[in-house]
Structures are given as C-alpha cells and as structure tokens.
Amino acid sequence: MAGNSGPLSPRAKLAVTAGKAAAAVSRAAGRGSGSVIGGKVALKLDPDLLARLATHLDVVLVSATNGKTTTTRLIAEALRASGPVVSNALGANMPAGITSALAGGSDARYGVIEVDEKYLAGVARDVSPKAIALLNLSRDQLDRAAETRMLAEKWREGLAGTKAVIIANADDPLIVWAASSSPNVVWVAAGQEWKDDAWSCPSCGGVMQRPGDDWFCGECGFRRPTPSWALSGDYVLDPHGSAWPIHLQLPGRANKANATTSAAVAATFGVPPQVALERMYQVQAVAGRFDVVQFLGRDIRLLLAKNPAGWLETFSLIDGPPAPVILAVNARGADGTDTSWLWDVDYPRLAGHPIFVIGDRKLDLAVRLEVAGLDFRVCETVDEAVQQCPPGKIELIANYTAFQDVRRRVGN
C-alpha cells in the first residue's frame, strides 16, 4: 500500500515548478504537450526528481516493442477501481516524459508508466515498481535500440533480483529470457503472431523448435514456461481456471492479448478480473489510435504500425478488399532513420486493396510495394490520397511521426 506523499524538498519543488513553466511555454508556442521539455528542465534542476515523485506511489512499469501505450491505458483504467491513477497516457515514455507525468500525480495512489525499452532498467531502479509488465520484443529502430537479443540481455541483467512482480508473455522467447532472471514472475499466454525475431535461442543461440503453440531449444533445454494466465478466444483464463469475457471497443487479437496481461497486472494489486475487464471497455481509443475520423467527407480509421510485428497485427484487423488503404511512412528521429525494416513487412497481404502511399519515405515504400507486385498510387499529401480513394471507409496505416502528421491534418 502506498503511503501519503511526504513534502518535497525546496529543490524538488523548484524543479517541478520550473518544469511546468517550461511545458506551458512549449504548449503556448505550439510545440506539442511540453511534457518532454518540462521533464528535461525539471531533471536538470533535480536529477533525483523521478525517484522522489514515485515514493508515495504503487508503480507499474509497462515495456514492449508493440502495445505498451494501449496496455498502459488499459491497466490505468483497471486500477482506477481501487484509487486515483497518474499515468503518461500519451506515450512520452523516456525519463523526462515520465517525470512530467508523475509531477502531476501528487494525490494519486498508483503510477502506471509506459517505459521505452532502452530505459526500462534505469527507470525501474529509480521508481522501485511493484509490478513490471513485459509484452514482446521484436526488431524496431535498430539504429537506436540495437538488436533484440542485446536488448533482452540488458533487461535480464537490469531486472535480475528485482523485488517487482514481473508479468511476462510466456509465448515470446526473448521476453521469457529477459524475465527469467527475476525471482517472482507471473507468466501470461498472450500469443506471438510475429516470430521472425525468435527462431534462435536467446540462451545458447541454438535453433528454436516450435511445435504448435509451444517452443523450446533442442540444444540447451530453454523452453516455454507454464502460464498461469491465458488468452483463449474472447476470454481471459485466470490462475483458478475461471474464464472471464473480454469486451473491448479496441479491435483485434492483439488488444485482447493486451487486456489479458492488464488483467493479470490488476490482480497483482487486488483488482478482480471481472472488475478489471469491465473497466477496460471504457477505452475507445489510445492517443488517436483506432479512432474513426471524418475528413473531406470520408470516414478514415487511424491505425499506428511502427515495425514489422506491428504491421502484421494491423493487417489482421483492417476491413478486407475492396476497402481502400492509405500507407504513410516517415523516417525521422522518433521513427528510426533506417527504413530497411520495410522489406520485412508482409505487404502482399494487402493484395486486392486499392493502395495509396504518402509520407517522407513514400518512394522507399513504393519500391517495396512494386517488388511485392501490388497495385498502388503515390500521392503528395493525405488530402490527395483521400480524394483519390474509391468509396468505402478508408484504412490509414502510418508509422509514428507519419501518424502524428496525419492526426494534425485531419484535426484529431
């Protein structure tokens, strides 16, 4: 149980005040929410501020390549059944953004924090979490975050001996390797659609065997642990074998998996699965993702996909042909500047859809689609693409900064 927050030191108070002022100036200048610059200013004045702000909170950290923003939102909604929650719900998930979020949570009981994969171990040291949810690891921004096996090893080393309960996906060998150095792990069978980063054993480098839903290394014996929670169709199976229905407004199997992990996390804090899952129904969209907006007289569903695993999950939930699809790809700093990942995406799944391509790296994407044998049209703007789409609801899939560009343009 988190106790009441003690008074902040004069230095910490100054840091919080200065950070909020910097954020307000950033917002007034039209440079976004200001959470990152506000956090940077605050941490400059008090490098230990993040730890100080978390002392009165029961903290959950959520990290993964895909799904961490949505899962953070679902967990936050579930835990509100037991008390006030502070969360970085808009995805500012590095130390500066996390500091800004916690600075606004002096009356909260719980802190539900999304953490960028690269910073997980450091943030865990600072905030002493009660629980850490680990969802998946796959290739993403290799120019920044490094190769997935190296990242799993850093997690394994950074989380060794942690007092936190680790809620981890038993179906992802990289996650199991990262979590298995921890003394208290709750395993969740959340599934793994994308397997191309998990064919070699993270323990010894041997070839992974994958009979059905199971997996194991035939050389060193590293294998899938027995889960205590599981996603089964439209139900969450709890450790007692009870099946709880999942009713979400968010689409797709991946979000049912996110809800399953979220229910396991909520149970760690004493929130029953039925209560947790009922509260998750309130979540309609997450930072604009899955929203259906009207633009130029058309209904457009906004979908975020940042890497091959994310694109694969997204392809599974869009309407089938002849629904028109707009694809938007940038390669700015926040996306990762290397676009070689485009060649790992299974774009032939879009065969039969009218396809329109936009974004800073539209020509890179056009080459990839040409090689895949797909029919498509390159457009200069989202306006042009929408105007050229045939009738029907438009599915718009974009990577991170392209998604933000589109949201700004369509007024969402």
Side-chain angles (χ1 to χ4, degrees), residues 57-91 93 101 108-115 120 129-136 164-172 175 179 184-193 227-240 242-287 289-290 310 313 317:
L57 297 169
D58 280 342
V59 173
V60 188
L61 302 182
V62 182
S63 201
T65 305
N66 292 299
K68 53 186 177 289
T69 301
T70 301
T71 303
T72 298
R73 181 76 175 80
L74 293 172
I75 293 170
E77 197 59 47
L79 290 186
R80 285 192 179 97
S82 286
V85 172
V86 62
S87 181
N88 55 339
L90 297 180
N93 59 19
R109 176 181 177 185
Y110 301 108
V112 184
I113 303 299
E114 172 189 341
V115 187
L120 176 62
K130 182 174 179 178
I132 302 173
L134 305 179
L135 312 180
N136 52 70
V165 178
I166 308 294
I167 296 91
N169 184 1
D171 292 314
D172 186 334
I175 289 293
N184 190 1
V185 185
V186 174
W187 298 111
V188 179
Q192 186 187 36
E193 184 81 5
S228 52
W229 292 78
L231 170 62
S232 179
D234 294 328
Y235 293 86
V236 172
L237 305 181
D238 71 15
H240 307 292
S242 299
W244 303 98
I246 302 171
H247 297 297
L248 294 176
Q249 297 191 63
L250 304 176
R253 188 214 64 86
N255 281 320
K256 293 175 185 174
N258 294 336
T260 303
T261 299
S262 300
V265 170
T268 301
F269 292 86
V271 178
Q274 180 178 3
V275 174
L277 289 163
E278 285 175 353
R279 293 191 66 88
M280 291 179 209
Y281 180 77
Q282 306 301 319
V283 181
Q284 299 179 30
V286 180
R289 303 163 198 195
F290 315 112
E313 292 282 7
L317 58 85

Nearest heavy-atom pair of Thr268 and Ala131: which atoms, and what distance?
-> CG2-CB, 4.5 Å
Report the residue from Thr70, Leu248, Leu250 that forms a side chain to side chain contact (heavy atoms under 4.5 Å, CB included) with Val283.
-> Leu250
Which atom names give the shortest non-hydrogen contact between Val188 and Ala264, and what distance separates them?
-> CG2-CB, 4.0 Å
Which atom pair, heavy atoms only, marks the closest approach of Thr71 to Ser262?
-> CG2-OG, 3.4 Å
With Asn184, which of Ile167, Ile166, Val165 fulfils side chain to side chain contact (heavy atoms under 4.5 Å, CB included)?
-> Val165
Give, for atom CG of Leu135 and atom NZ of Lys68, the distance between the pair rounded to the nearest 0.5 Å.
-> 8.5 Å
Which atoms form the tightest heavy-atom contact between Asn255 and Leu74, and what is the distance?
-> O-CD1, 4.4 Å
Gln192/Asp171 under side-chain hydrogen bond (donor to acceptor under 3.5 Å, both in side chains): CA gap, chis, key distance, verdict | CA-CA 6 Å; Gln192 186 187 36; Asp171 292 314; over 6 Å; no
So, the side chain of Asn136 versus the backbone of Asn66: is there a donor-acceptor pair under 3.5 Å, distance only?
-> yes
Closest non-hydrogen atoms of Ala168 and Val185, given as atom of the first, atom of the second and distance, are CB-CG1, 4.2 Å
When rounded to the nearest 0.5 angstrom, what is the spacing between NZ in Lys256 and CG in Leu277?
-> 12.5 Å
How far does OH of Tyr235 sit from CD1 of Ile246, to the nearest 0.5 angstrom?
-> 10.0 Å
